[in-house]
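In what follows, a structure is listed as structure tokens, so that the remarks can point back to it.
Quick note: numbers below take in every heavy atom, side chains included, and nothing from hydrogens, waters or symmetry partners. This is a predicted model, so every value here is computed, not measured.
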Amino acid sequence: MFKLKKHNLFASTNGDFRFFPAITATAMADTIFKPHFPRQTSIDPHTQIQKPSDSQYSLSVDPMFFISSLLSCKNISQIHQVHAQVAVNGLLHNLVVANKLLYIYAQHKALSDAFALFAWMRERDAVSWSVMIGGFAKAGDYVNCFRTFREFINCGMVLDNYTSPLVIRACRDSRDLIMGRVIHDIVLKSGLPVDQFVCAALVDMYAKCKVIDDARQLFDQMPKKDLVTWTVMVGVCAESGNANESLVLFDRMIEQGVQPDKVALVNVVYACAKFGVMHKARLVHDYITRNRFFLNVILGTAMIDMYAKCGSVDFAREIFDAMPQKNVVSWSAMIAAYGYHGQGRKALDLFPMMLSSGILPNRITFLSLINACSHSGLVEEGLGLFSSMQDDYAVAPDVKHYTCMVDLLGRAGRLDEALKLIESMRIVKDEGLWGSLLGACRIHKNLELAEMAAKSLLELQPENAGHYVMLSNIYANAGRWEDVAKIRNLMTQRRLKKIPGWTWIEVDNMVYQFSVGDRTHPRSKEIYGMLKSLSTKLEMAGYVPDTNFVLHDVPEEDKLGILYTHSEKLAIVFGLIATPEGTPIRIMKNLRVCGDCHTFSKFVSAITQRVIIVRDANRFHHFEGGVCACGGYW
């Protein structure tokens, strides 16, 4: 049984709103809801609308005429005109007409007008209350959404399966877990027969509030799950980082006879993209093709992203070319795919094609283009795009565009220009910007600038262990072991832990995980034997292990031992053993691939004549014939 903590937050009816955690001190002091009515747009409920007597009710006018008129209204002025006619004809007493008028006001975000009418109405039903609750929620006015819901309960209205999801979604969108638990408690105590829509809303609310265990517990307890509930849970697992479980749930959904729609398929395609497993991506693609789902803009764009993140930009391009319609998001996704696969020229070639199709770029398009230039060393092209986005397309750069520009200049060694660009910014600098500068300092061993960037980073995110690790690695590369020790002691004092490095590889539809020095794999003996013989061949071919990437103050011999057992190397060697000759080896790492493993992969691809595709935290590396597609810009 799903258990909830007891709350008594709705017990008071004296105007005490202290239970709303999102309300500020000023708002809490204003315990009476007083909506503002702009003179030029509002109808004064006291002067222009008079409550008609029963003798004034017109029975000759068909209410459907006014409902039809309301549905055709394009603006507030037109709604006011129809509202006045409804009042003149004595039809405001008609609950159907009044509710429709409420709904139209809410749809046009005229909430002051909607509330004026709502407060005036002599009779309200569940629809009236739901329109007001949903209208406030849709407008992002969660304080008044929850206040109206409180009055709904206190007025003795019976909770239904339409109003409940509205207020639950408001809790989700406002990330208000406390209120979400209160609503859940009310639903349980009301004796309301909870249908799939309420359960799906609760699961989604708990998931968005990062309480994944509660979301999953609710889901598992549901005796019957419909498509909506399955879709929500599949999406929840994907968004929370558990892409593998998302794919497992999708399989279970199919086994139980629930046929996915396009929304469910987009969620599972997203999960494939996060997990990066090509086999599963192909199965999902086959399912979409076999069941003749139309490749619309949303599904097609999701599949472009899926194939690109599973390591095949060629498959992504096939989907792109097959799409009958494309929007700016589709074009931007394909440009981004070429970018993080190191094919900057192809990304740039798409831009004029996009313009000739009549689609104008937006901020995401330019972000993808500049990022593609950064990963391919196309500095002048990137500078030109950054200038063009403002001058030719009136797209104002935000902090992410500046971050890409710092990355572009930094990778090329133009650190002074990167710093000048940062100093010229008139917008707030964030951790991503300083992180890009710090990464460039690591590549080009600029210790002074690295310390400045690290200082800004630690001021912004003192609890992010990655920033300490980056600075520690820069000190280690410079041989400043005392400073390394200081950083590590600081991390210990602040109880921060370095994120361990993991590498995954898919073999025969199974995913295997490796860590540095890992000997837990059943075929570890074969892996280490193969690694030893391969190392001899590599060194004969000219490979020299770079112990600078062992960031520990240990003897050189120990550094070599650590270096040869990096998780990337173990995964690649397992791939050589366990996959047929001539097939690509695809691996994925949760952190940035180390420089020595990058060199190792180039030599392995030359000696074994195997294509090796590596997805790390930043981009893809395609190794073939001793060359990486990144061209050294990574």
- Query: Can you list the steps and then say if V328 with M354 is a side chain to side chain contact (heavy atoms under 4.5 Å, CB included)?
  - Reply: CA-CA 8 Å; V328 65; M354 173 182 166; 3.6 Å; yes
TODO: Take T365 and N362, measure what side-chain hydrogen bond (donor to acceptor under 3.5 Å, both in side chains) needs, and give me the verdict at the end.
DONE: CA-CA 5 Å; T365 310; N362 62 11; 3.0 Å; yes
inquiry  = Is there a side-chain hydrogen bond (donor to acceptor under 3.5 Å, both in side chains) between H279 and E506? Walk through the geometry before answering.
reply    = CA-CA 8 Å; H279 166 71; E506 180 189 10; 4.6 Å; no
| task | Show your working on ring pair (Phe, Tyr, Trp, His ring centres under 6.0 Å) between F149 and W129 and close with a plain yes or no. | result | CA-CA 8 Å; F149 180 72; W129 286 97; 9.5 Å; no
Exercise for the section: Just do the side chain to side chain contact (heavy atoms under 4.5 Å, CB included) check on V313 and F620 with the steps written out, would you? Expected result: CA-CA 10 Å; V313 72; F620 278 85; over 6 Å; no
Margin query: One pair to check against side chain to side chain contact (heavy atoms under 4.5 Å, CB included): L92 and L117. What are the steps and the verdict?
Written below: CA-CA 9 Å; L92 276 180; L117 175 61; 4.1 Å; yes
Starting from the C-alpha separation in whole Å, work towards a yes-or-no answer on side chain to side chain contact (heavy atoms under 4.5 Å, CB included) for M253 and V268.
CA-CA 11 Å; M253 180 176 75; V268 78; over 6 Å; no
*asked:* Please determine whether ring pair (Phe, Tyr, Trp, His ring centres under 6.0 Å) holds for the pair F315 and H285, giving the CA-CA distance in whole Å, both sets of side-chain angles, and the decisive distance to 0.1 Å.
replied: CA-CA 11 Å; F315 284 155; H285 187 181; 8.0 Å; no
After noting the C-alpha distance and the side-chain angles of S164 and N161, does the key distance pass the side-chain hydrogen bond (donor to acceptor under 3.5 Å, both in side chains) rule? CA-CA 5 Å; S164 300; N161 284 335; 5.1 Å; no
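With sequence neighbours left out, the salt bridge (Lys or Arg N to Asp or Glu O under 4.0 Å) criterion links D616 to no other residue. Residues meeting the ring-ring contact (aromatic ring centres under 6.0 Å, His included) test with F320, sequence neighbours left out: W331. Residues satisfying the side chain to side chain contact (heavy atoms under 4.5 Å, CB included) criterion with S436, sequence neighbours excluded, are T403, V406, D407. The ring-ring contact (aromatic ring centres under 6.0 Å, His included) check on F366 picks up F351, Y393, with sequence neighbours excluded. W434 pairs by the ring-ring contact (aromatic ring centres under 6.0 Å, His included) definition with nothing, not counting sequence neighbours. By the side chain to side chain contact (heavy atoms under 4.5 Å, CB included) test, M222 pairs with Q196, C199, K225, T229, sequence neighbours left out. By the salt bridge (Lys or Arg N to Asp or Glu O under 4.0 Å) test, K208 pairs with D204, E239, sequence neighbours left out. With sequence neighbours left out, the ring-ring contact (aromatic ring centres under 6.0 Å, His included) criterion links F66 to no other residue. With sequence neighbours left out, the side chain to side chain contact (heavy atoms under 4.5 Å, CB included) criterion links D398 to R363, K400, H401. Residues that satisfy the side chain to side chain contact (heavy atoms under 4.5 Å, CB included) test with A316, not counting sequence neighbours, are I304, Y307, A308, M334.
Atom CG of L177 is surrounded by more than 12 heavy atoms from other residues, nucleotides or ligands within 6.0 Å. More than 12 non-hydrogen atoms from other residues, nucleotides or ligands lie less than 6.0 angstrom from CD1 of I427. Residue Q325 qualifies as open at atom CD: its count of foreign heavy atoms under 6.0 Å is 12 or below. Within a 6.0 Å radius of CZ in R290, other residues, nucleotides and ligands contribute more than 12 heavy atoms.
Nearest heavy-atom pair, P260 versus L227, reported as atom, atom and distance to 0.1 Å: CA-CD1, 3.7 Å.
Here the CG atom belonging to L265 is positioned 5.0 Å from the CD1 atom belonging to I288, to the nearest 0.5 angstrom. One finds the OG atom of S72 at 7.0 Å from the CD atom of Q78 (value rounded to the nearest 0.5 Å). Atoms CE and NE2, on M121 and H93 in that order, are 12.0 Å from each other to the nearest 0.5 Å. The distance from atom CD1 of I133 to atom OH of Y162, rounded to the nearest 0.5 Å, is 10.5 Å. Of the inter-residue distances, the one linking D125 atom CG with M157 atom CE reads 6.5 Å to the nearest 0.5 angstrom. Remark: M179 CE to D185 CG distance equals 12.0 Å, nearest 0.5 Å.
Side chain of H108 to backbone of I104: a donor-acceptor contact under 3.5 angstrom is found. In this structure, the side chain of S240 engages the main chain of V236 through a donor-acceptor pair within 3.5 Å. The backbone N or O of L91 sits nowhere less than 3.5 Å from a side-chain atom of N89 that would complete a donor-acceptor pair. Under the 3.5 Å distance criterion, the side-chain polar atoms of N75 are matched with a main-chain donor or acceptor of S77. For S68 (side chain) and M64 (main-chain N/O), no donor-acceptor pair under 3.5 Å exists by modelled atom type. Put simply, the side chain of R615 never gets that close to the backbone of C310: no donor and acceptor are under 3.5 Å apart.
Contact of the M389 side chain with the P361 side chain is not registered, since no non-hydrogen atoms from C-beta on lie closer than 4.5 Å. I168 places a side-chain heavy atom less than 4.5 Å from the side chain of V198. Contact check for Q217 versus Y206: no side-chain heavy atoms found under the 4.5 Å cut-off. Residues V96 and P63 fail the side-chain proximity criterion, which asks for heavy atoms closer than 4.5 Å. Side-chain contact between K138 and Q107: present, with at least one pair of heavy atoms (C-beta onward) separated by less than 4.5 Å.
Seen from the ring of F152, R124 does not count as a face-on cation partner, given the 6.0 Å and 45° thresholds.
Under the 30°/60° scheme for interplanar angles, the aromatic rings of F115 and F136 are found to be tilted.
Legend: side chain to side chain donor-acceptor pair (under 3.5 Å) pairs involving residues 259-276, not counting sequence neighbours, sorted by first then second residue: Q259-Y287.
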Show which side-chain atoms of residues 243-252 pair as donor or acceptor with protein atoms under 3.5 Å away, not counting sequence neighbours.
| residue | atom | partner | partner atom | Å |
| --- | --- | --- | --- | --- |
| E245 | OE2 | R216 | NH1 | 2.9 |
| E245 | OE2 | R216 | NH2 | 3.1 |
| S246 | OG | V234 | O | 2.8 |
| D251 | OD1 | K280 | NZ | 3.0 |
| D251 | OD2 | K280 | NZ | 2.8 |

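Evaluated for a side-chain contact (heavy atoms from CB on, under 4.5 Å) with L102, the options V131, V97, D113, V127 yield exactly one hit, V131.
Taking the six-membered ring wherever Trp is involved, the centroid distance between the rings of Y105 and H83 falls below 6.0 Å.
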